[in-house]
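Data block below; observations after.
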Amino acid sequence: MTSVNLSLRLLRVGGRRGLLAVGLTAGAVAVCTALLLAAVAANVAFAGRADRDAWRHPGHAAAPGKAVALEGTSLDYVRGQVVTVVDLAALRETGGTGALPAPPGMARFPAPGEVWMSPALARLVSSLPPGQLADRFPARTPTGLLGADALVHGGELVAVVGRHANDPAMHGDRSDLADATSPAPIASFTDGRPNYAAGFYRILTGLATVLLGVPLLVFGGAAARLTVARRDQRLAALRLVGATPGQVVAMTVAESMVTALAGALAGSLLYVAMIPGLTRISISGGTWAAGDLWVGVQLILAVVAAVVVLVGVSAVAGLRRVVVSPLGVARRQTPPGLRAVRVIAFVAAVLGFLFASKLLQGSVATVFTVIVVMLAVGFWTLNLVGPWVVGLIGRIAAAGARRPARLLAGRRLMDDPRAAWRTVNGIALTGFVAGFTVLLNPGPGGLGHSTDQQLRARVPAQHATAVVADARERLAGIPAARVRLTEPEGAGKSAPSYRSVVVKVPGGQERTDEARTALAGLVPGRPFAGPADADRGGEQMLADIQTGSRTVLFASFLLGTVSAGISGVSSILDRRQTFALLRLAGTPLRVLDAARRRETLIPLVVMGGGALVTGLVMAAPFALANPVRPEGLVTLALTVLGGLGAVIGASELSRPFLRAVTTDPAPRPD
């Protein structure tokens with residue numbers, strides 16, 4: 001307790017610059033905590049969407065004695081948007097519909113002929129002519145509005161249609177339709193499963209968490225080491241006057257964890273403030289509600305506790321020099337050099353990732369888990385090899401120096417490569433994210449889908465002629481609409497053969513929607529759709545991948561910029577006595593500035609470029625089928641230029657602080 005009290009007292013009386021150092025650490029922890037909570041919120045939000053989508057897709061057919069209803073799902077389209085249609089039919093009379101299970105977001109099970117709509121679909125129905133949308137449903141006006149529990153997002157277009165159990169629409173096979181579910185007997189709405197798109201988005205979220213989470217953990221650990229030289233000197237002095245190793249460790253833990261706790265709580269408030277902005281990110285065709293991104297008090301406390309523990313452990317891990325050799329710290333001896341085994345670990349991680357991405361087999365979940373873990377390992381070893389490369393750069397720079405600034409920069413990189421790496425690691429790791437995402441960024445339009453003029457539906461061959469005649473009659477009022485039949489499918493086999501009724505509707509989206517509405521119900525349970533409609537799901541995913549990669553890149557860039565700024569100021573605090581002595585020895589301020597700029601830019605260019613290339617290499621196995629788009633290259637170029645600008649800007653902003661700490665080199669209480 002004495003050690004803790006002493007540590008807290010030193011925090012209070014540490015002077016203005018001591019408080020500034022504590023503030024920098026707390027600020028870094030706050031940013032780290034806020035972004036970590038945002039990453040957790042993304043996983044929670046996608047899990048919530050998957051849960052809300054599950055009720056529309058029965059997991060397995062209920063036993064005959066337990067089945068109470070039939071449920072089937074299909075997709076329709078209007079104005080280029082997807083409309084999810086859920087067909088429900090009661091299987092037995094219950095003396096009223098009250099005994100039937102109520103679907104999520106509905107007050108009761110729908111009666112035959114009723115149509116419940118999502119609020120967005122109800123608004124669209126009222127805004128369009130009935131012949132373009134409303135006439136597709138048994139009722140033009142909705143019986144009721146679906147609640148939030150029934151919808152993946154607030155802007156989703158969903159209709160729940162009540163039918164009789166003997167309705168032909170409840171007995172057709174829809175397995176050949178995109179994202180459709182054939183009618184199946186259900187006992188309740190609780191045993192459904194999310195569709196494949198929901199699982200795909202959760203996989204992408206896990207990948208994004210790794211791309212953002214590893215830099216966050218690295219930054220969180222580095223935050224504990226900010227102004228480490230100032231703290232090491234103070235603790236070494238206490239060791240030399242009789243403090244035990246246990247007391248030094250207790251003081252460090254107390255100081256670091258108190259600072260981290262304050263920063264983590266501030267980061268939690270920052271996360272709450274970020275929620276309104278995060279809700280505006282559109283994924284899967286819709287934005288988010290604030291409740292989707294709220295992770296709950298328990299998860300917030302868990303993240304805060306994890307960050308505080310991480311900072312405490314990182315701070316204690318850096319005490320080896322103080323505990324083992326306090327005299328060396330006090331005399332500013334150079335710490336032992338880094339070993340080349342870090343390079344071996346990095347190369348092994350990259351090669352292992354490439355090998356695993358080519359040869360892994362098994363379930364999608366297993367392959368994905370292994371790939372994500374190996375990606376995280378590769379990312380982490382990149383951070384591990386960084387200080388070793390920085391030290392090597394320093395030796396090369398010092399050996400070839402012809403001017404004082406370059407010599408000072410080279411010596412600094414040689415003497416403390418870990419501290420120099422902390423200044424640039426945020427931006428350098430952003431280079432990895434940029435390289436990885438640029439190849440996974442095909443963007444919308446990559447499928448090259450056809451126009452909306454063509455619609456088709458598959459029908460049994462024996463009914464094809466009658467369906468064509470009926471279709472021509474229904475489309476008589478639409479100018480230039482044409483109907484034809486394709487050749488039979490599966491002719492000569494035991495299975496019934498099919499033919500496709502193809503409708504061509506020139507004239508634009510409105511004419512196409514009129515044709516869809518006129519043909520509604522012609523083939524029970526099978527809306528007419530075209531090749532362009534089949535591509536809409538893929539196009540939406542490509543657009544979402546682009547949005548997600550840009551979001552991750554922006555967050556990573558923000559993290560790197562904050563890291564560069566905070567680390568630049570803390571570096572001056574750590575070395576303020578050295579800078580002051582150099583000024584007293586006659587070194588011009590511009591030389592110190594130039595040295596400081598070089599010791600940042602040289603490793604940034606080398607390691608940032610290396611990280612970018614590493615990201616490109618590790619993303620290559622997943623991107624060979626998708627050529628790099630110009631938008632991706634522009635994003636990559638902007639990231640590179642932005643990273644350089646951020647580091648230069650952070651260096652320029654800290655220049656007045658350098659002038660201030662070198663003006664008066666007299667000893668201070670901190």
Side-chain angles (χ1 to χ4, degrees), residues 72-87 115-118 120-142 155-161 163 167-169 172 174 176-181 285 449-459 463-464 466-486 498-540:
T73 305
S74 61
L75 300 185
D76 202 349
Y77 304 88
V78 59
R79 293 293 191 273
Q81 302 178 73
V82 179
V83 181
T84 302
V85 180
V86 181
D87 297 305
V115 180
W116 294 61
M117 297 184 182
S118 64
L121 180 59
R123 289 193 296 269
L124 189 60
V125 165
S126 63
S127 66
L128 294 178
Q132 295 184 15
L133 180 58
D135 287 347
R136 303 181 194 183
F137 304 108
R140 284 187 174 182
T141 56
E156 194 180 22
L157 305 180
V158 180
V160 178
V161 180
R163 298 186 185 275
D167 190 317
R174 305 177 185 178
D176 60 306
L177 299 179
D179 298 333
T181 303
H449 61 69
S450 56
T451 66
D452 289 321
Q453 294 185 358
Q454 189 182 93
L455 303 174
R456 64 171 58 203
R458 197 178 70 155
V459 297
H463 304 311
V467 171
V468 168
D470 200 353
R472 285 173 178 160
E473 183 178 349
R474 292 186 181 206
L475 297 174
I478 301 178
R482 298 288 182 269
V483 184
R484 65 180 177 85
L485 272 177
T486 63
Y498 292 89
R499 302 183 73 176
S500 292
V501 178
V502 180
V503 177
K504 187 174 183 180
V505 190
Q509 191 70 63
E510 293 183 5
R511 290 282 174 79
T512 304
D513 287 337
E514 289 178 10
R516 292 182 198 272
T517 306
L519 297 170
L522 178 60
V523 184
R526 305 177 69 87
F528 275 71
D533 298 324
D535 290 340
R536 294 192 197 285
E539 288 288 333
Q540 182 64 58

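Note that these values count all heavy atoms, side chains included, but never hydrogens, waters or copies made by symmetry. The residues of the chain are indexed from 1 along the displayed sequence.
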Original post:
Does the pair Leu124 and Gln81 meet the rule for a side-chain contact (heavy atoms from CB on, under 4.5 Å), with working shown?
Top reply: CA-CA 11 Å; Leu124 189 60; Gln81 302 178 73; 4.3 Å; yes
Subject >> Pair Leu522-Phe528, side-chain contact (heavy atoms from CB on, under 4.5 Å): steps then yes or no >> reply: CA-CA 9 Å; Leu522 178 60; Phe528 275 71; 4.1 Å; yes
Original post:
Under the side-chain contact (heavy atoms from CB on, under 4.5 Å) criterion, do Val83 and Tyr77 qualify, and how do the steps go?
Top reply: CA-CA 5 Å; Val83 181; Tyr77 304 88; over 6 Å; no
Subject >> Check against side-chain contact (heavy atoms from CB on, under 4.5 Å), Thr73 and Asp87 >> reply: CA-CA 6 Å; Thr73 305; Asp87 297 305; over 6 Å; no
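One finds the CG atom of Leu128 at 5.0 Å from the CZ atom of Arg79 (value rounded to the nearest 0.5 Å). The distance from the CG atom of Leu133 to the CG atom of Leu121 is 6.0 Å, given to the nearest 0.5 Å. Rounding to the nearest 0.5 angstrom, the gap separating the CE atom in Met117 from the OG1 atom in Thr141 is 8.0 Å.
Side-chain contact between Leu75 and Leu177: absent, with no pair of heavy atoms (C-beta onward) separated by less than 4.5 Å. Here the side chains of Arg499 and Val468 are not in contact, with every heavy-atom distance at 4.5 Å or above. You'll find the side chain of Leu485 reaches within 4.5 Å of the side chain of Val501, heavy atoms only.
When all heavy atoms of Val125 and Ala134 are compared, the closest pair comes out as CG1-CB, 3.7 Å. Of all heavy-atom pairs between Ala120 and Glu156, the closest is CB-O, 3.8 Å. Closest approach of Pro506 to Ala480, counting heavy atoms only: CD-O, 3.5 Å.
Within the structure, salt bridge (charged side-chain N to carboxylate O under 4.0 Å, His left out) contacts touching residues 126-137 (residues at least two apart or in different chains) are Asp76-Arg136, Asp135-Arg140, Arg136-Asp513. For residues 468-485, no pair satisfies side-chain hydrogen bond (donor to acceptor under 3.5 Å, both in side chains), with sequence neighbours left out. For residues 519-528, every residue pair satisfying the salt bridge (charged side-chain N to carboxylate O under 4.0 Å, His left out) rule, not counting sequence neighbours, is listed here: Asp176-Arg526.
Distance alone, capped at 3.5 Å, is enough to place a donor-acceptor pair between the Thr517 side chain and the Gly131 backbone.
Contacts of Pro129 classified as side-chain contact (heavy atoms from CB on, under 4.5 Å), with partners at least two apart in sequence or in another chain: Gln132. For Ser74, there are no side-chain hydrogen bond (donor to acceptor under 3.5 Å, both in side chains) partners two or more places apart in sequence or in a different chain. Checked against side-chain contact (heavy atoms from CB on, under 4.5 Å), Ala515 has the following partners two or more places apart in sequence or in another chain: Leu455, Leu475, Ile478, Val505.
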